[in-house]
There are 2 protein chains.
Amino acid sequence: MTQPGPVPKPPTLRDVAQRAGVHSGTASRALNPRTRSMVNSDTVKRVLRAAAALGYEPNPIARSLRTNKTHTVGMFIPDVSNPLFSSMVRGVERVLSEQDYALLLADTDNSVERESSLYTALRGRQVDGLVIATAQRDSPLIDRMLTDQVPFVLVNRVSLEHSTLAVTGDEASGVRQAVAHLAGLGHTRIAYLAGPQRTSTGVVRLAAFRQSMLEHGFTPLPEEIVECASWSEEAGSEAMARLCAAGLAATAVVAGNDMIAAGCYDVLREFGIGCPDDVSVIGFNDMPFVDKFSPPLTTVRLPNRELGEEGAALLLDRMAGQAPIAKTIVLPVSLVVRGSTAPPR
Amino acid sequence: MTQPGPVPKPPTLRDVAQRAGVHSGTASRALNPRTRSMVNSDTVKRVLRAAAALGYEPNPIARSLRTNKTHTVGMFIPDVSNPLFSSMVRGVERVLSEQDYALLLADTDNSVERESSLYTALRGRQVDGLVIATAQRDSPLIDRMLTDQVPFVLVNRVSLEHSTLAVTGDEASGVRQAVAHLAGLGHTRIAYLAGPQRTSTGVVRLAAFRQSMLEHGFTPLPEEIVECASWSEEAGSEAMARLCAAGLAATAVVAGNDMIAAGCYDVLREFGIGCPDDVSVIGFNDMPFVDKFSPPLTTVRLPNRELGEEGAALLLDRMAGQAPIAKTIVLPVSLVVRGSTAPPR
DNA sequence: TTGTATGCGTTATCAA
DNA sequence: TTGATAACGCATACAA
């Protein structure tokens, strides 16, 4: 059994310098790839060898204090436990870790207050940049980042007020594909269960729906477009119930996302309305297990993980001064046709 | 339109001290609750006022350099995009942020090498502690943390070799409840689709299954216990197919987790075997949407978020020197009975 | 090409 | 109770 014993202090730059027989400044230059050219290649070799022998790792804290860079990126999301966002987190984390950046995660819980206090905390920790996947439209976050001049990129949302770096799925195309698919099946009366209009995604999708309907020459009745209180199953149920109560004449329903579609399923079953026999349903996001629904859900797949990856890459470029201040990357989305859509009868 | 303009440098301790007419050392003591008692209460007031006026925020980098504490905790998980883990992350993040700790997330992707290099990276960043939710049994991670004497807590797993801090669901009870439920319905031939035995969870659940069967006086045939290559739907399908190929005599199947159960569903359908009519199925985890399966999946619910919360709290205690070095907290689990289980016919 | 010196913003030690 | 001063480990401007 090994004794606990004190942990030996990690070697510092000076230890390395001493062992290599040079001064710490030289060791610093030799170790830093960017300044390495300033030093004799023999010396470089000696320093490198000494560093390796001692198992030297630069102390990022000290480095940060000196350089004002932390090699750390913060990410704001409403809720990690939502698969939609966790996929983005995964993408972000993956790209960052490849470049030796660390990810500081902040769950805002959809609270603007919490977002604000977390922002202060992250700023205090001197994150070099921020990935924003929260989409509350009334949040002052973007303004604050702009005045603080901290590099950031919006993921899965855009700003209507400012031009910024952003990576987003082609929401409009997704909605268009959904409507076109239904139209192709012969549907003409299509209802829409919109996500909350206080979120960026909510308004973008709804606008795209209206536009798509127009393009097909369909004119949805006002009561056939109902806004959900949140992106949840419960809100979806509630909205769908309202739709049914109003006397459902539509033969198809497009839901703002899969959660809402799931709520929709519940109400359909409750009312004894068959899917897809009586009404077709389309969701959004292609969340895990929606292919196991009965019937399996037709839905629009967003490249969430890629969204995160592209966002992180863009931010990294920006922080390196390689990217413009504003630029929007739009990633393609695809309709995944499953069993919840069929011709109207 | 406001001009970009340079961002004013944030005020430092010396700015505060100057404004309060004291020395920076005094200001430091006045600001720090722990040392505040050493300073005249009038002076404290002056300093506090000055700090507030300037909007002073201590620079955590400088503080860390001095104190060797970063107020940062790292978390290792196999995959954030798995709802199981993302719930834990949420729990951890929640508790940490309440105490002004930040969470550094590290996705190991089930790779021991990646885990190792991420560990080096996080150590370098001087995290004050670690939450470990990866469960590869052959990983040297625990040994390294032990020798490095970095505080850590295991979540959703235990170490068979060392005694450590750990928070886990009552896996054995979960399995027992599952088996008891099936036995109560009249099943006597129960098969088990085990998770990979290189994971801690995999072995714990399998052992519990064997034990539970024994307690009921049931003796599963060797071919009725099959190990899946991973915790995935595909692996579940494959294992279930093997079970069927061997001539399925069991009337019920317990799956190592919900993913495996989902794979099981696919094969059942393929073979034209009815669930729950011909065979009952039980999963593990109660993942989102398993209630939407057809039939809705009976499963064991683990308090994943609470696991994360308790883990973080325990780690915080430990880091404050308030918790013992080794202690296991076991959280209760519950069986959620849905449509995939019924009496055998 | 290398050495020297200084400072990043804090906390802690030692005097006063 | 307060002030002065020295680190913490690194990067860099300047000198040699």
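Chain letters run A, B, ... following the sequence lines, proteins first, then strands; residues in each count from 1.
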Roughly how many Å is it from CD in A/Q18 to C1' in C/dT4, rounded to a whole number?
->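 Answer to the nearest Å: 16 Å.
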
Is any side-chain heavy atom of [Y] closer than 4.5 Å to one of [X]?
X: B/L13; Y: B/L31; result: yes
X: B/V16; Y: B/R19; result: no
X: B/T168; Y: B/T201; result: no
X: B/R63; Y: B/H71; result: no

Any Lys/Arg nitrogen of A/E93 or B/R114 sitting under 4.0 Å from an Asp/Glu carboxylate oxygen of the other?
->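 Yes, charged N to carboxylate O under 4.0 Å.
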
Could you tell me whether B/R90 and A/D107 make a salt bridge, using a distance below 4.0 angstrom between a side-chain N and a carboxylate O?
->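 A salt bridge links B/R90 with A/D107.
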
Test A/K327 against A/I329 for side chain to side chain contact (heavy atoms under 4.5 Å, CB included), laying out the working first.
-> CA-CA 7 Å; A/K327 169 182 175 185; A/I329 296 181; 4.2 Å; yes

With B/V89 as reference, evaluate B/N304, B/V155, B/V131, B/I77 under the side-chain contact (heavy atoms from CB on, under 4.5 Å) test and give the passing residue.
->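 With B/V89 as partner, B/N304, B/V155, B/V131, B/I77 yield a single side-chain contact (heavy atoms from CB on, under 4.5 Å), made by B/I77.
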
Describe, as an angle rounded to 10 degrees, how the axis at the first end of the helix from C/dT1-D/dA16 to C/dA16-D/dT1 is tilted relative to the axis at the last end, five pairs per end.
->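 It works out to 40° between the end axes.
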
Heavy-atom protein contacts under 4.0 Å, nucleotides 7-14 of chain C, coded B base, S sugar-phosphate only, - none | BBBBBBB-

Under-4.0 Å side-chain N/O to phosphate OP1/OP2 contact, B/H23 with D/dT2 =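 For D/dT2, OP1/OP2 do not have a side-chain N/O of B/H23 under 4.0 Å.
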
Walk me through it: do A/R123 and A/R144 pass the test side chain to side chain contact (heavy atoms under 4.5 Å, CB included)?
-> CA-CA 11 Å; A/R123 279 257 56 200; A/R144 289 184 69 182; over 6 Å; no

In residues 37-55 of chain B, what residues come within less than 4.0 Å of DNA chain D, judged by heavy atoms?
->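 The answer is B/M38, B/V39, B/N40, B/T43.
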
Can you check whether B/T70's main-chain N or O pairs, donor with acceptor, with B/D128's side chain at less than 3.5 Å?
->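 A pair under 3.5 Å: yes.
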
